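As the structure is a prediction and not an experimental result, all values here were calculated from the model.
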Amino acid sequence: MFEIFIFGALILGVLVYNNTINTKKFAKDNEKLLKNLREDDYEFLVYMKYGTKADPDVLFQKRISTAAIGGAAMMVLFLNSFSMLNIVVCFVVAYFVFKSNYMNLKSYYKRHLHEIDIMLPYYLKSLEILVQHYTVPVAIGKSIEDAPEIFQPGLKKMVDRINSGDASVDPYMEFANTYPVRDSMRMMRLLYRLGIGSQERKQERLMMFSRSVSSLQQKARETKYKERLEKMESQTMVMLVCTGVFVMLILLIAMMGMFGSAM
C-alpha cells in the first residue's frame, strides 16, 4: 500500500511538473471559485513576508497545486478501500495543506509585531518632516519608497484609498488595524487631523504630532535598551553558570584524584 502511495504521488508530481496537468489553466477556469477561497489579508501577508516584489497570484496558485497534490495522494492511498469517509478525509487533508501556508504567513506576521512596534516611531518621524512641505496624502505617498518594507503594503493600500476619493478617517484606521501596535490608532487619528483644517491649525496639530512622535521614539529607545540589557544579563548568567559548573567539575576531579592516591 505504501509503495502505491509513493508511486501515485510521484506520477502526479511528474504530470504537474511537465504541465500535463496545467494548474494555471485550472486556476484560470475556476477563478471565481478560487477567489472565494482566498483570504482577504492574504496579499498583504505575502508582501509582509516576501516583500512587494512577490506575486501573490503565483503563490496562491502554488497553494492550490500543493493542496490538490495532497488530496490526490490521499486518494491514491485509499485506492483499495474507497468509501465516503475516505473521500471526506482526502478533502480535509487537502484543505489542511491549503490553509497551512496561510497560517504560516499569519504566524510570521504576529512574530514581527514587536519589530513593527519599534520601527513605527522612526517612520512617523520621517513622515513628520515630509508633512512640513506637503499635504498629508502626498507626504505619505512620497514616504513609501523609503519606508521600512514591512509598512509598504499597508501604506500603498492607504494611499490608494485616499486617492480614490475616501476623505474619511477610515484609510488611516485601516492602517492602524493592520499594524495593531502601541499607540498606532492614536497616531493615525492625529495624522488624519493634521491633513484637515486651515494652515494655522495645521501648524498647531503638527506640533502635537511631533511631540507624540518624540514620545514614541523615547519609548522605543527605552524598549531597545531594556532588551539589550536583558540580553546582556542573560549572557552573563549563562557564563556564570558555565563557569560554576566547570569549577565544580575541576574540584570533583581533584577530589577523586586525592581519594584515589590515598587508596
Side-chain angles (χ1 to χ4, degrees), residues 40-41 43-54 105-106 108-231:
D40 294 336
D41 57 349
E43 184 174 321
F44 165 77
L45 293 173
V46 168
Y47 289 143
M48 173 76 71
K49 183 172 183 179
Y50 300 110
T52 53
K53 293 181 180 179
L105 291 173
K106 200 79 173 176
Y108 176 87
Y109 166 69
K110 289 178 179 178
R111 289 198 307 269
H112 285 71
L113 278 178
H114 177 68
E115 181 182 345
I116 295 169
D117 193 22
I118 298 296
M119 288 192 299
L120 184 61
Y122 297 95
Y123 164 70
L124 292 174
K125 190 64 178 178
S126 65
L127 186 60
E128 175 198 335
I129 297 170
L130 289 172
V131 169
Q132 295 176 16
H133 306 284
Y134 304 97
T135 63
V136 171
V138 172
I140 295 171
K142 287 184 174 295
S143 73
I144 293 176
E145 187 175 346
D146 297 323
E149 194 170 13
I150 204 166
F151 292 136
Q152 290 181 6
L155 291 171
K156 286 181 179 178
K157 194 171 183 179
M158 190 202 312
V159 170
D160 288 343
R161 287 195 60 180
I162 294 172
N163 290 339
S164 67
D166 191 343
S168 69
V169 73
D170 293 343
Y172 299 86
M173 288 298 97
E174 183 178 8
F175 181 87
N177 287 324
T178 302
Y179 303 94
V181 293
R182 178 177 50 201
D183 286 340
S184 60
M185 287 203 172
R186 184 172 68 88
M187 297 307 298
M188 287 301 107
R189 288 194 187 97
L190 287 175
L191 192 60
Y192 168 72
R193 290 170 188 164
L194 190 57
I196 58 178
S198 62
Q199 188 66 22
E200 292 77 12
R201 294 286 292 170
K202 178 180 178 179
Q203 291 300 322
E204 180 185 335
R205 288 168 178 165
L206 184 58
M207 290 295 293
M208 184 183 299
F209 183 77
S210 179
R211 286 195 295 268
S212 298
V213 171
S214 297
S215 176
L216 280 180
Q217 278 189 309
Q218 181 60 32
K219 290 178 182 177
R221 282 192 290 266
E222 290 174 357
T223 300
K224 290 173 72 173
Y225 175 75
K226 183 180 178 182
E227 288 176 350
R228 193 179 298 115
L229 187 62
E230 288 176 350
K231 184 178 180 180

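The two residues Ser143 and Tyr123 have their closest heavy-atom pair at OG-OH, 2.7 Å. Of all the heavy atoms in Tyr47 and Ala54, the pair that sits closest is CE2-O, 3.3 Å. Listed here is the closest heavy atom pair of Phe175 and Leu155: CE1-CD2, 3.6 Å. Nearest heavy-atom pair across Leu194 and Val136 is C-CG2, 3.9 Å. Smallest separation of non-hydrogen atoms from Ala176 and Ser184: O-OG, 3.6 Å.
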For Ile140 and Val131, run side-chain contact (heavy atoms from CB on, under 4.5 Å): C-alpha distance rounded to whole Å, both residues' side-chain angles, the deciding distance at 0.1 Å, then the answer. CA-CA 8 Å; Ile140 295 171; Val131 169; over 6 Å; no
Could you check Lys156 against Ile144 for side-chain contact (heavy atoms from CB on, under 4.5 Å), going step by step and ending with a plain yes or no? CA-CA 7 Å; Lys156 286 181 179 178; Ile144 293 176; 4.0 Å; yes
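Between the Tyr179 side chain and the Ile150 main chain, a donor and an acceptor come within less than 3.5 Å of each other. With hydrogens and angles disregarded, a donor-acceptor distance shorter than 3.5 Å links the side chain of Gln152 to the backbone of Ala147. For the pair Ser210 (side chain) and Met207 (backbone), a donor-acceptor distance under 3.5 Å is absent.
The CG atom of Leu191 sits 12.0 Å away from atom CZ of Arg205, with the distance rounded to the nearest 0.5 Å. Going from atom CG of Asn177 over to atom CG of Asp41 covers 12.5 Å, rounded to the nearest 0.5 Å. Here CD of Glu174 is found 9.0 Å from CE of Met158. Values are rounded to the nearest 0.5 Å. Interatomic distance, Phe151 CZ to Met119 CE, rounded to the nearest 0.5 Å: 5.0 Å. Phe209 CZ to Arg186 CZ: the interatomic distance, rounded to the nearest 0.5 Å, is 10.0 Å.
Counted by atom type alone, Asp166 and Ser164 present zero donor-acceptor pairs between their side chains at under 3.5 Å.
Under the 4.5 Å side-chain criterion, counting only non-hydrogen atoms from C-beta, Tyr172 is in contact with Ile162. Leu120 places none of its side-chain heavy atoms less than 4.5 Å from the side chain of Met187. Put simply, the side chain of Met208 does not reach to within 4.5 Å of the side chain of Arg193, judged on heavy atoms. With contacts defined as side-chain heavy-atom distances shorter than 4.5 Å, the pair Pro153/Glu43 does not qualify. With a 4.5 Å cut-off on side-chain heavy atoms, Asp183 and Ser212 do not count as touching. Inter-residue side-chain proximity for Tyr122 and Val213 is flagged as unmet; no heavy-atom pair is nearer than 4.5 Å.
Counting heavy atoms of neighbouring residues, nucleotides and ligands inside a 6.0 Å radius, atom NZ of Lys49 exceeds 12 of them.
In this structure, Lys142 satisfies the cation-pi test against Tyr134, with its NZ or CZ atom closer than 6.0 Å to the six-membered ring centre and inside 45 degrees of the ring normal.
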